[in-house]
Novice: 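Questions regarding the structure given below will be posed in turn.
Here is the naming used below: chain letters follow the sequence lines, and residue numbers restart at 1 for every chain.
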Amino acid sequence: MIAAVDAGDTAWMLAATALVLLMTPALGLFYCGLVREKNTLNTFMMSLAALAVATVAWALVGYSLAFDEGNGFVGGLDHALLQGVGFEPREGSTIPHLLFMAFQATFCIVTVALVSGAVVERMRFGAFLVFAGLWSIAVYAVLAHWAFGGGWLMENGTLDFAGGVAVEMGSGFSALAAALVVGARKDHGRQALLPHNAVYVLVGAGLLWFGWFGFNGGSGFSTGNAGVLAFVNTLLAPACTLVAWFALDLLRGRQVTAIGAATAIIVGCVAITPAGGYVSPGWAMALGALAALPSYAVIVWRPRTRVDETLDVLAAHGTAGLTGILFIGFFAQRSWNGVADGLVYGDAGTLLWQVVAAVVTPAYAFGATYLLLRLVGGLMPLRASDRDQALGMDVVQHGEEAYASGEGAILIGPDGAVEKRVLVPEPA
Amino acid sequence: MGNLGQRANDPHSPRRKTPRRTHEEDERVKLVTAIVRPEKANDVLEALYRAEVRGISISRVQGHGGELDAVETYRGTTVKMTLADKVRFEIAVSEPFVEPTIQALCEGARTGEVGDGKIFVVPLERVVRIRTGETDDLAVTPVGA
């Protein structure tokens, strides 16, 4: 049965798509505040690169591999180049197929941008562009097919409302692999590498939360109950994570930190992402508070290792997404979601497939990303040299500075008075 | 800073090598100014710490020291950046500390490429520690040393 296009649903989904798109530049702001001044633009540009590369890859093949029928592992190519994606509603929804595709594209974009957090301040921009395009196809589209596009997890009943599998665990565990393959920054573990603008981080986190209302609220693809529930839960859960994070900060250091608070907003939004449309508002609040614990633990633990997973994508996204996915298995409630009960409400089968998703997704994301980056690394260098890292990625990779004073800058005429673009001479 | 107390009794400390002399002779205080790459500033601080040089001021400056200029483009505007970011260290030390300070600065700041910076040493007419009114080498001797 193919339902007709519904005006109200379409209107909301148009707005929701724009809200989710905003999350990518918001993430760029969040990330660039967390790095050093000399890498501000490069870090932001990695998010913008996702807007470019992931969108194109999505339209070419990514959407088809994720949402065409295909097999249980990956979709077919019937929608490659957006063939057959038009105004008629996609099966099972009341919005135009074309809009569905665009909404899903914004998810792919922000997920690619998330992974960049693991490799900022040292990965070469060109290598990142290649990696981003391939990753959106080989990792994101595959995981999206499993959880959303009729793949084997979805068929077996894994509940993932808005992307705990593909977006959160997918980015988090890929980030860990990326950090291992690309390697640590030059000064990691030797010098304190501190955030250069905490205000960017806070504004970025706020804009991400704002965009997340479209992300979760739009994942019901309608203005129906599930979307409303997810929308409200997106308000409640991160608020509880913030409160819990404040408490953890107070216990650990006697001070509530601003960057900790920004992190808590992300963790709360991530945790409620898979569960948004499946758990009651009360349980959403419990999930928000609970999700703070494992993510906080990973954030405290990670800097004591040699792994330079720079912006803690694993802790904020991988860990919190995993928490949310497992939480559904216990506390999903048919009286709220109309789909399935969790273990606490009498159905242990739900928990089983949540656990399967929580085991298989990290394994695939980590393994596929590791191999993909090894492949890209075989074709081109992944890392900037120590000297380039010292100068800063902004000047070296983009020929710009985030905070140029203009002092000492001499105009070069359009006739190209300076013939060679030499930055700093290479050592002889 | 834990080894400051030890150093007071250390016969090999550069400060204790020379017996006290008259002011006119060589209780002179020098100002060591170094211009270094910003990315080497932390290495310099570490080297100075190891050399037991205390009492440091740093500031961010811009300058030009013969290195090739970076070319940057902002939309249609292409510019040659003739001034590079540098960090300036200012360290007032008594005579026996001048050499260790210079060595630490070179060790910490050198990359071997053009643009590593300069060190300038000038004699100081007078130094006063504001809190106590101590002057000259007493004023640049770290508290507890």
Novice: Any side-chain heavy atom of B:T77 within less than 4.5 Å of one from A:L411?
Specialist: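 Yes. Closest side-chain heavy atoms under 4.5 Å.
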
Novice: Count the heavy atoms belonging to other residues, nucleotides or ligands that lie under 6.0 Å from CG of A:L379, then report whether that count exceeds 12.
Specialist: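 Enclosed: over 12 neighbouring heavy atoms sit under 6.0 Å from CG of A:L379.
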
Novice: Chain B heavy atoms under 4.5 Å from A:E401: which part of the residue, side chain, backbone, both or neither?
Specialist: both

Novice: With distance as the sole test, does B:T82 use its side chain to make a donor-acceptor pair with the main-chain N or O of A:G408 at under 3.5 Å?
Specialist: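 Here the side-chain-to-backbone pair exists.
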
Novice: Kindly write out the residues that satisfy salt bridge (Lys or Arg N to Asp or Glu O under 4.0 Å) with A:R383, not counting sequence neighbours, or none if the list is empty.
Specialist: none

Novice: Any heavy-atom pair between the side chains of B:Q62 and A:S405 that's under 4.5 Å?
Specialist: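 Counting from C-beta outward, A:S405 and B:Q62 do come under 4.5 Å.
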
Novice: Please report the interatomic distance CD1(A:I410) to OG1(B:T78), rounded to the nearest 0.5 Å.
Specialist: 13.5 Å

Novice: Flag the pair B:V71 / A:I412 as yes when at least one side-chain heavy-atom distance between them is below 4.5 Å, and no otherwise.
Specialist: yes

Novice: For A:L202, check side-chain contact (heavy atoms from CB on, under 4.5 Å) against everything at least two apart and list the hits.
Specialist: A:A258, A:A262

Novice: Name the atoms and distances for all side-chain donor-acceptor pairs under 3.5 Å in residues 40-47 of chain A, with sequence neighbours left out.
Specialist:
from, atom 1, to, atom 2, distance (Å)
A:T40, OG1, A:E37, O, 2.6
A:T40, OG1, A:H196, NE2, 3.4
A:N42, ND2, A:H398, NE2, 2.9
A:T43, OG1, A:N39, O, 2.8

Novice: A:A409 and B:M81: which non-hydrogen atoms are nearest, and at how many Å?
Specialist: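 Nearest pair, atom of A:A409 first, then B:M81: CB-SD, 3.7 Å.
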
Novice: Is there side-chain contact between B:E39 and A:K38, with heavy atoms separated by less than 4.5 Å?
Specialist: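 They are in contact (side-chain heavy atoms under 4.5 Å apart), so the answer is yes.
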
Novice: Are there over 12 heavy-atom neighbours, none belonging to B:R110, within less than 6.0 Å of that residue's CZ?
Specialist: no

Novice: Is the count of non-hydrogen atoms from other residues, nucleotides or ligands lying under 6.0 Å from B:F120 atom CZ greater than 12?
Specialist: yes

Novice: Does some side-chain heavy atom of A:E400 sit less than 4.5 Å from a side-chain heavy atom of B:T73?
Specialist: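 Side chain of B:T73 against side chain of A:E400, heavy atoms only: no contact under 4.5 Å found.
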
Novice: Write out, in numerical order, the residues from residues 185-193 of chain A with a heavy atom short of 4.5 Å from a heavy atom in chain B.
Specialist: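 Counting heavy atoms that sit under 4.5 Å from chain B, the residues of residues 185-193 of chain A involved are A:R190, A:Q191.
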
